[in-house]
Structures are given as C-alpha cells and as structure tokens.
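This report refers to the structure that appears directly beneath it.
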Amino acid sequence: MNQRARIAMSEDEVAALLRDSRKLQLATINPDGTPHLVTMFYGLSDGRLTFWTYHKAQKTRNIERDPRVTCLIETGEDYFELRGALVYGKAQLIADPPGVLAVGMEVAKRMTGLDDAEQLRGYVEHTGRKRVAFVVEPTRVVSWDHRKLA
C-alpha cells in the first residue's frame, strides 16, 4: 500500500472531521482565472457543506459565473497531527429566505459554539436579509490523516 492510501480517511472519518470543525477555506475562481480564497464558518446539511455570504460578495459573483469550488477543512499543528479534507464540488445557490435562515442558524451555531443558537435568531434574520446561502454538492473528496503514519 502506498503512503497516500495509508493516510486517506474513511467516509466516516471525513464525516467526523466535517462535523467537529468550524471553519473552512473556500476557493472560488476570479474572472481572470486566479483563485479567490477566504476563510468561512460553515454548516452542514445532510453531510454537505453549507455557507452564507452577502449578495454582492466577490465569492457570490464568482460562484454565479462558475459554480466550481474547493473547500479545505484541516486541523493539527505538528506534522504527525495533520488531518484534512479537500472537498471539490459545485456550489448551489439557496436564495429563498427560509433556506438562507436555516443555513445562517447552523453557521451561527458553529461560530458561537452554542448547542442551541435560537437566542441568535433575531440577529440571523436581520443579517440574512442581505445574504444568500450555498450548499456544496461534492464531486470529489481527498483526505489525509498523518496520525496514521505513527
């Protein structure tokens, strides 16, 4: 078995990483073809990554033009602690207010670390008026867990 195969995570391990993490690096494609990379808090919907952002944000414009995205979720400080997953996919727009609110509530929950973010509903509803949400339909997942090297 090659080293790449040795450190790949199972689907359950990737799901646990996504469940337990809070932030991702989101890459979209700028009009000139260069990557646009930002850190985002995210949510999960049926195991798929979700995020929200402003209607006029660069990432929104990029996704409207080309829905391909790459999301990096990673953790660990030392080499033998590094774990991560690259989720390649297509971002699908969620524009209806209830859908945007649902994503916003999940993001707020992760941002704050609260088990129940209901107390933030007013804030999420208010800021949600200027936002859209996206769900990432994965096309490919690449993962690694350097703890498996020990």
Side-chain angles (χ1 to χ4, degrees), residues 1-30 33-54 57-96 98-121 123-124 127-128 131-150:
M1 179 185 305
N2 69 31
Q3 185 164 310
R4 176 88 208 80
R6 277 184 48 210
I7 64 172
M9 289 193 274
S10 69
E11 285 185 26
D12 288 343
E13 290 170 325
V14 170
L17 177 70
L18 299 182
R19 182 190 65 235
D20 296 341
S21 297
R22 298 174 49 205
K23 297 181 288 183
L24 59 77
Q25 302 295 315
L26 172 69
T28 61
I29 304 167
N30 282 318
T34 59
H36 179 260
L37 186 63
V38 294
T39 301
M40 304 282 297
F41 285 99
Y42 69 92
L44 290 172
S45 175
D46 297 323
R48 297 173 301 167
L49 298 168
T50 60
F51 59 91
W52 72 340
T53 187
Y54 291 101
Q58 185 64 50
K59 62 188 116 359
T60 302
R61 292 184 196 155
N62 289 347
I63 292 168
E64 287 172 344
R65 189 182 55 266
D66 185 338
R68 293 177 297 166
V69 297
T70 302
C71 302
L72 169 65
I73 300 91
E74 59 86 24
T75 187
E77 296 297 321
D78 295 323
Y79 183 80
F80 290 103
E81 297 173 349
L82 296 178
R83 290 183 301 139
L86 274 172
V87 178
Y88 297 95
K90 293 192 176 182
Q92 295 183 343
L93 177 68
I94 300 170
D96 64 291
V100 173
L101 177 63
V103 170
M105 289 298 290
E106 182 65 20
V107 170
K109 182 177 164 183
R110 283 179 177 271
M111 283 176 65
T112 61
L114 296 172
D115 289 332
D116 179 11
E118 194 57 37
Q119 63 194 10
L120 301 173
R121 181 173 290 276
Y123 166 77
V124 173
T127 61
R131 294 183 184 244
V132 293
F134 293 94
V135 60
V136 177
E137 293 295 340
T139 56
R140 180 175 164 222
V141 177
V142 175
S143 65
W144 57 93
D145 184 346
H146 287 193
R147 298 175 306 175
K148 294 179 179 185
L149 295 172

(message) Show the nearest heavy-atom pair for residues L49 and C71, with the distance to one decimal.
(response) CD1-CB, 3.7 Å
(message) Tell me whether K90 contacts the main-chain N or O of T139 through its side chain, where contact means a donor paired with an acceptor under 3.5 Å.
(response) no
(request) For the pair R61 and E64, find out whether any cationic side-chain nitrogen is under 4.0 Å from an anionic carboxylate oxygen. (result) no
(message) Please check this pair: side chain of D78 against backbone of E81, looking for a donor-acceptor N/O pair closer than 3.5 Å.
(response) no
(request) Please name the pair of heavy atoms, one in P35 and one in N30, separated by the smallest distance, quoted to 0.1 Å. (result) O-ND2, 3.5 Å
(message) Let me confirm one number: the CZ-CH2 distance from R4 to W144, rounded to the nearest 0.5 Å.
(response) 7.5 Å
(message) Can you tell me if R65 has over 12 outside heavy atoms packed within less than 6.0 Å of its CZ?
(response) yes
(message) What's the separation between atom OG1 in T39 and atom CG in L24, rounded to the nearest 0.5 Å?
(response) 8.0 Å
(message) Can you tell whether the side chains of E13 and R147 come within less than 4.0 Å, N to carboxylate O?
(response) no
(message) Do L114 and Q119 make a side-chain contact, defined as non-hydrogen atoms from C-beta onward lying under 4.5 Å apart?
(response) yes
(message) Which heavy atom of F134 sits nearest to which heavy atom of A91, and what is that distance?
(response) CD2-CB, 4.0 Å
(request) Please round to the nearest 0.5 Å and tell me the distance separating atom CG of L44 and atom CD of E106. (result) 6.5 Å
(message) If you define the side chain from C-beta out and look only at heavy atoms, does anything of Q92 sit under 4.5 Å from E137?
(response) yes
(request) Enter the distance from D145:CG to R83:CZ here, rounded to the nearest 0.5 Å. (result) 6.0 Å
(request) Starting at OG1 of T50, measure out to CZ of R110 and round the result to the nearest 0.5 Å. (result) 8.0 Å
(request) Over all heavy atoms of both residues, which pair between A85 and V141 is shortest? Give the atoms and the distance, please. (result) CB-CG1, 4.5 Å
(message) As a quick check of understanding, evaluate side chain to side chain contact (heavy atoms under 4.5 Å, CB included) for K109 and L120, giving each step before the final call.
(response) CA-CA 9 Å; K109 182 177 164 183; L120 301 173; over 6 Å; no
(message) Against H36, only a single residue in I63, I29, T28 fulfils side-chain contact (heavy atoms from CB on, under 4.5 Å); can you say which?
(response) T28
(request) Give a yes or no answer on whether the side chain of T112 reaches the backbone of A108 with a donor-acceptor pair at less than 3.5 Å. (result) yes
(request) Identify the two heavy atoms, one from L26 and one from M40, that lie closest to each other, and give their separation to 0.1 Å. (result) CB-CG, 4.0 Å
(request) Apply side chain to side chain contact (heavy atoms under 4.5 Å, CB included) to T60 and Y54, showing your working. (result) CA-CA 7 Å; T60 302; Y54 291 101; 6.0 Å; no
(request) Output yes when a side-chain donor or acceptor of D116 lies under 3.5 Å from a complementary backbone atom of E118, and no otherwise. (result) yes
(request) Please report the closest heavy-atom contact between P138 and R48, naming both atoms and the distance. (result) CD-CG, 4.3 Å
(request) Enter the distance from L72:CG to K23:NZ here, rounded to the nearest 0.5 Å. (result) 12.0 Å
(request) Mark yes or no for whether R22, through its side chain, and M111, through its backbone, hold a donor-acceptor pair below 3.5 Å. (result) yes
(message) Can you confirm if the aromatic rings of F51 and Y42 lie within a centre distance of less than 6.0 Å?
(response) no
(request) Check whether any side-chain N or O of T70 sits under 3.5 Å from a backbone N or O of L86 as a donor-acceptor pair, and report yes or no. (result) no
